[in-house]
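In what follows, a structure is listed as structure tokens, so that the remarks can point back to it.
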Amino acid sequence: MSSNVPIHGNYHGYYAKRPFAIDPRLEVLPHSTFIGKRVLDVGCNEGWVSCEIAQSHGALKVVGVDIDDELVRAAWRRRRTVWSAQGPPSDGETDAEGPSHKRKRLDPDSDSVGEPAYFPASCAHSLGPLPIPACTPHLFPHNVSFRGADWVNATIPEDEGGYDVVLALSVTKWIHLNGGDAGLETFFARVAAVLHPGAQFIVEPQAWETYRKAKRMDNRLRDSARGLKFRPDDFPKMLAKVGFGEPIRLGSVGDGGFHRPVDIYTKHKV
């Protein structure tokens, strides 16, 4: 699904407005959050966060899902770009399965002086990205994939195995405006259903004040907004009803309009 008006928050060029080499939202999370975990990134956009988790945070498997097929195709391209820009394998490093095949992370969009240009952007433009060799599934980039789907209302094959972490970064407002209170309840119930007991739901809630500008994008959003009774402050109560404990607020990160809190909810074990 694609639209010239990003009524689902499916902004094209989103990370030109919110650029990062290391996403500050991930930096506030405990170091062990993704290590060895199956991760679902709902509303992955162009896949920047999904790729960073898969490449640099030790995730076993990352699945990015987005309602916009064009963004999903861009996410696959991002995967190739990030792979191409990596440095050579680190010597002497080991992981749980023996010698490590990790390669030094290099921001493909950085212009920092002195950084080694293992595969400069000019090469990618003229020659295309580097080929991805076959390797073990738990290593980047084989441990990240993307799907186009309206995940709130449709399952994807990867759901069957469940997840250890689900991320909802900057998407709850759009789910709420498009689906109403019922749509938000459905989303939270879906998250609870696919998470293993003791697993974590990471949310970047968008302030109620930001709904005002978003609903002006389209008459459907404006009409839906009139009937909304839930507010972001109600999220803890809503999530408690589907089996989550009290949230841990890790602080607010980001600049300007992107300065928002990051909350972690843990699904009850019984």
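Please read all numbers here as calculations on a predicted model, not as lab measurements.
The hydrophobic clustering, which links ILVMFWY residues whose side-chain heavy atoms are closer than 4.5 Å, places F258 and V253 together. Follow the hydrophobic side-chain contacts under 4.5 Å out from V194 and you never reach V62; the two are in separate clusters. Residues V242 and V152 share a single hydrophobic cluster, defined by chaining ILVMFWY side chains whose heavy atoms lie under 4.5 Å apart. Residue V171 is grouped with residue V166 when hydrophobic side chains (ILVMFWY) are merged at heavy-atom distances under 4.5 angstrom, including chains of intermediate members. Residues L167 and F188 do not share a hydrophobic cluster, defined by chaining ILVMFWY side chains whose heavy atoms lie under 4.5 Å apart.
Between E204 and R260 there is a salt bridge, since a side-chain N of the basic residue sits under 4.0 Å from a carboxylate O of the acidic one. Between R220 and D218 there is a salt bridge, since a side-chain N of the basic residue sits under 4.0 Å from a carboxylate O of the acidic one. In this structure, D263 pairs ionically with R249, as a charged nitrogen and a carboxylate oxygen lie closer than 4.0 Å.
Looking at W151, W76, W48 one by one, the single match for ring-ring contact (aromatic ring centres under 6.0 Å, His included) with F146 turns out to be W76. R147 pairs with exactly one of V72, D69, D66, I156 by the side chain to side chain contact (heavy atoms under 4.5 Å, CB included) rule, that one being I156. Each of L40, I264, L195, T266 was compared with F201 under the side chain to side chain contact (heavy atoms under 4.5 Å, CB included) criterion, and only L195 meets it. Shown are I7, L184, L228, D223; of these, the side chain to side chain contact (heavy atoms under 4.5 Å, CB included) with L177 is made only by L228.
Annotation: side chain of V63 is not in contact with side chain of D41 (no heavy-atom distance under 4.5 Å). Counting heavy atoms from C-beta on, the side chains of L221 and N178 come closer than 4.5 Å. H12 has its side chain within reach of L71: a pair of non-hydrogen atoms, C-beta onward, lies under 4.5 Å apart. Two residues are said to be in side-chain contact when any heavy atoms from C-beta on lie closer than 4.5 Å; S145 and K61 meet this criterion. The shortest distance between side-chain heavy atoms of C51 and P141 does not fall below 4.5 Å.
Note on ring orientation: taking the six-membered ring where Trp is involved, the planes of W83 and F140 are tilted (angle from 30° to 60°).
The minimum heavy-atom distance linking W208 with F230 is given by the pair CZ3-O, 3.9 Å. Counting all heavy atoms, side chain and backbone alike, M217 lies closest to P6 at SD-O, 3.7 Å. Closest heavy-atom contact between A54 and V144: CB-CB, 3.6 Å. For G64 against C44, the heavy-atom pair with the smallest separation is C-SG, 3.6 Å. In plain terms, the two heavy atoms of T33 and I202 that are nearest each other are CG2-CD1, 3.8 Å. A pairwise comparison of heavy atoms in P30 and L250 identifies CD-CD1, 4.2 Å as the closest pair.
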Stepwise, does the side chain to side chain contact (heavy atoms under 4.5 Å, CB included) test hold for K37 with L60? CA-CA 5 Å; K37 305 294 179 61; L60 178 69; 5.9 Å; no
Is there a salt bridge (Lys or Arg N to Asp or Glu O under 4.0 Å) between R25 and D23 once you walk through the steps? CA-CA 5 Å; R25 295 169 295 185; D23 193 299; 2.8 Å; yes
Apply the test side chain to side chain contact (heavy atoms under 4.5 Å, CB included) to residues V42 and F187: give CA-CA distance (whole Å), side-chain angles for both, the deciding distance (0.1 Å), then the verdict. CA-CA 10 Å; V42 180; F187 174 56; 4.0 Å; yes
Derivation of the side-chain hydrogen bond (donor to acceptor under 3.5 Å, both in side chains) call for S224 and K215: CA-CA 8 Å; S224 175; K215 69 184 182 182; over 6 Å; no
For a side chain to side chain contact (heavy atoms under 4.5 Å, CB included) check, start with the C-alpha distance between V191 and F244, then their side-chain angles and the critical distance, and finish with the verdict. CA-CA 10 Å; V191 171; F244 288 93; 4.1 Å; yes
Kindly determine whether L26 and F34 satisfy side chain to side chain contact (heavy atoms under 4.5 Å, CB included), including the steps that lead there. CA-CA 10 Å; L26 301 183; F34 302 109; 4.1 Å; yes
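Side-chain atoms of R38 come within 3.5 Å of backbone atoms of E158 as a donor-acceptor pair (strictly under, hydrogens ignored). A donor-acceptor pair is defined here as one N or O able to donate and one able to accept, closer than 3.5 Å; no such pair exists between the side chain of D68 and the backbone of N45. In terms of modelled atom types and a separation under 3.5 Å, the side chain of T210 and the main chain of Q206 share no donor-acceptor contact. Checked by atom type and distance alone, the side chain of K267 pairs as donor or acceptor with a backbone atom of A192 at under 3.5 Å. Put simply, the side chain of T81 gets close to the backbone of R77: a donor and an acceptor are under 3.5 Å apart. The closest donor-acceptor contact from the side chain of R190 to the backbone of N153 lies at 3.5 Å or more, if one exists at all. Distance alone, capped at 3.5 Å, places no donor-acceptor pair between the E46 side chain and the A75 backbone. With hydrogens and angles disregarded, a donor-acceptor distance shorter than 3.5 Å links the side chain of H259 to the backbone of G254.
Between the side chains of Y163 and D159, at least one donor-acceptor pair of N or O atoms lies under 3.5 Å. In this model, a donor atom of one side chain and an acceptor atom of the other lie less than 3.5 Å apart for H176 and D181. No side-chain donor from either of D150 and H8 sits under 3.5 Å from a side-chain acceptor of the other.
Residue E246 places its CD atom among 12 or fewer non-hydrogen atoms of other residues, nucleotides or ligands, all under 6.0 Å distant.
Here the straight-line distance linking atom CG of L139 with atom CD of Q55 works out to 11.5 Å at 0.5 Å rounding.
The aromatic ring centres of Y265 and F235 sit 6.0 Å or more apart.
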